[in-house]
Amino acid sequence: MSAESANAIQRSQVDLMDLIDWSGVECLNQSTSHSVANALKQGYRDDDGLNLESDADEQLLIYIPFLQVIKLHSIIIKGPEEDGPKTVKLFSNKEHMGFSNVNDYPASDTVVLSPDDLKGKPVVLKYVKFQNVRSLTIFIEDNQSDSEVTKVQKIGLVGTTVETTNMKGLKKIEDGH
């Protein structure tokens with residue numbers, strides 16, 4: 001998968017950060033001094049000194065709602081080689097998930113990141129599973145070294161907006177042309 005990811009971002013694909021509904025973003029098990037904003041927000045996520053860290057154990061559960069419907073093409077997860085995420089499960093349009101019920105739902109896609117992927121390479125997702133996304137839940141199940149703390153320096157979401165058709169702009173086709 002990572003061999004195709006290097007060239008897979010097409011020109012129409014954009015960073016979807018401006019479409020995130022920040023008022024609804026949640027992260028379970030985040031350290032209070034190293035919150036999800038460090039990995040997700042513009043400026044913060046490009047500062048290698050800032051990161052998102054897990055608190056009680058290595059798992060993180062991140063909920064990201066969008067301001068409009070999007071198509072998600074790929075994800076960029078940057079993190080340290082030792083403590084960066086390894087198994088990442090993505091869920092499209094699943095709200096109110098917690099650690100107690102995350103395994104009750106089939107993931108839309110599961111990505112196993114290599115240390116090379118954690119350098120900020122886009123990882124192409126099962127695009128057909130992410131065509132009509134209103135929210136994304138990211139479950140970081142474990143990290144590269146099975147340590148107690150997972151660190152994420154950057155999360156990037158790459159895709160497009162879903163164009164909605166304005167029905168008023170359509171003209172009726174007459175039988176006689």
Side-chain angles (χ1 to χ4, degrees), residues 1-9 13-22 24-66 70 72-92 94 97-100 102-103 107-127 129-130 133 135-159:
M1 186 186 292
S2 42
E4 73 181 51
S5 68
N7 301 324
I9 295 182
Q13 308 292 334
V14 296
D15 184 338
L16 297 169
M17 190 193 25
D18 292 338
L19 298 174
I20 293 174
D21 178 0
W22 293 105
V25 172
E26 294 177 4
C27 183
L28 301 182
N29 195 37
Q30 67 183 337
S31 161
T32 52
S33 57
H34 298 282
S35 71
V36 69
N38 290 347
L40 212 50
K41 283 198 169 183
Q42 187 74 42
Y44 292 86
R45 68 181 188 172
D46 299 316
D47 181 342
D48 287 342
L50 295 174
N51 55 37
L52 162 62
E53 288 185 16
S54 62
D55 191 23
D57 60 21
E58 75 281 5
Q59 297 185 333
L60 288 161
L61 191 61
I62 305 164
Y63 175 74
I64 304 169
F66 296 98
I70 58 112
L72 186 61
H73 178 269
S74 52
I75 188 167
I76 299 167
I77 297 182
K78 188 176 174 190
E81 205 168 299
E82 295 281 310
D83 304 323
K86 184 176 181 184
T87 308
V88 179
K89 293 182 178 178
L90 302 160
F91 300 87
S92 174
K94 288 278 184 232
M97 290 179 74
F99 291 109
S100 60
V102 75
N103 290 318
S108 302
D109 201 355
T110 299
V111 178
V112 179
L113 299 170
S114 69
D116 200 39
D117 291 327
L118 290 174
K119 293 176 182 166
K121 286 177 149 184
V123 176
V124 177
L125 302 173
K126 292 177 185 162
Y127 195 51
K129 300 276 190 173
F130 298 97
V133 180
S135 67
L136 180 70
T137 302
I138 303 171
F139 174 48
I140 298 175
E141 196 167 30
D142 55 15
N143 58 42
Q144 298 291 323
S145 61
D146 291 324
S147 64
E148 285 293 304
V149 176
T150 298
K151 296 180 182 178
V152 182
Q153 293 164 322
K154 176 180 182 176
I155 298 172
L157 303 171
V158 180

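Along the sequence shown, the residues carry numbers beginning at 1.
- Within the 3.5 Å criterion, the main-chain N or O of Asp83 finds no donor-acceptor partner in the side chain of Ser147.
- Considering all non-hydrogen atoms of both residues, Lys89 and Glu141 come closest at CE-OE1, 3.5 Å.
- At a threshold of 4.5 Å between non-hydrogen side-chain atoms, the residues Leu72 and Leu16 count as touching.
- Ile62 CD1 to Ile140 CD1: the interatomic distance, rounded to the nearest 0.5 Å, is 4.5 Å.
- Rounded to the nearest 0.5 angstrom, Thr137 OG1 and Glu26 CD are separated by 9.0 Å.
- Taking each heavy atom of Leu61 and Met97 in turn, the nearest pair found is CD2-O, 3.4 Å.
- The heavy-atom pair separating Gln59 from Ser54 by the smallest distance is O-CB, 3.8 Å.
- By the 4.5 Å heavy-atom criterion applied to side chains, His73 and Val124 are counted as neighbours.
- A distance-only check finds a donor-acceptor pair linking the side chain of Ser108 to the backbone of Ser92 [under 3.5 Å].
- Just one residue in the list Leu113, Thr110, Val111 forms a side-chain contact (heavy atoms from CB on, under 4.5 Å) with Thr87, and that residue is Thr110.
- Going from atom CZ of Phe66 over to atom CG of Asp18 covers 12.0 Å, rounded to the nearest 0.5 Å.
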Side chain to side chain contact (heavy atoms under 4.5 Å, CB included) assessment of Met17 paired with Trp22: CA-CA 10 Å; Met17 190 193 25; Trp22 293 105; 3.8 Å; yes
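- Residue Asp46 holds its CG atom at 14.0 Å from NZ of Lys41, rounded to the nearest 0.5 Å.
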Test side chain to side chain contact (heavy atoms under 4.5 Å, CB included) applied to Lys78 and Asp48, step by step: CA-CA 9 Å; Lys78 188 176 174 190; Asp48 287 342; 3.1 Å; yes
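- Ser135 and Lys94 get closest at one heavy-atom pair: OG-N, 3.9 Å.
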Stepwise side chain to side chain contact (heavy atoms under 4.5 Å, CB included) check, Asn51 with Val152: CA-CA 5 Å; Asn51 55 37; Val152 182; 5.8 Å; no
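- Partner Asn29 forms a side-chain hydrogen bond (donor to acceptor under 3.5 Å, both in side chains) with one of Asp57, Thr150, Asp55 and no other, that one being Asp57.
- One finds the CD1 atom of Ile75 at 5.0 Å from the CG atom of Leu90 (value rounded to the nearest 0.5 Å).
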Test side chain to side chain contact (heavy atoms under 4.5 Å, CB included) applied to Lys86 and Val112, step by step: CA-CA 5 Å; Lys86 184 176 181 184; Val112 179; 4.2 Å; yes
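- To the nearest 0.5 Å, atoms CD (Gln153) and CG (Leu50) are separated by 9.5 Å.
- Shortest non-hydrogen contact noted between Gln13 and Val158 is CB-CG1, 3.6 Å.
- Between the side chain of Gln30 and the main chain of Glu53, no donor-acceptor pair closer than 3.5 Å is present.
- Shortest non-hydrogen contact noted between Val149 and Asn143 is O-ND2, 3.2 Å.
- With contacts defined as side-chain heavy-atom distances shorter than 4.5 Å, the pair Tyr63/Val25 does not qualify.
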Stepwise side chain to side chain donor-acceptor pair (under 3.5 Å) test for Asp117 and Ser114: CA-CA 5 Å; Asp117 291 327; Ser114 69; 3.3 Å; yes
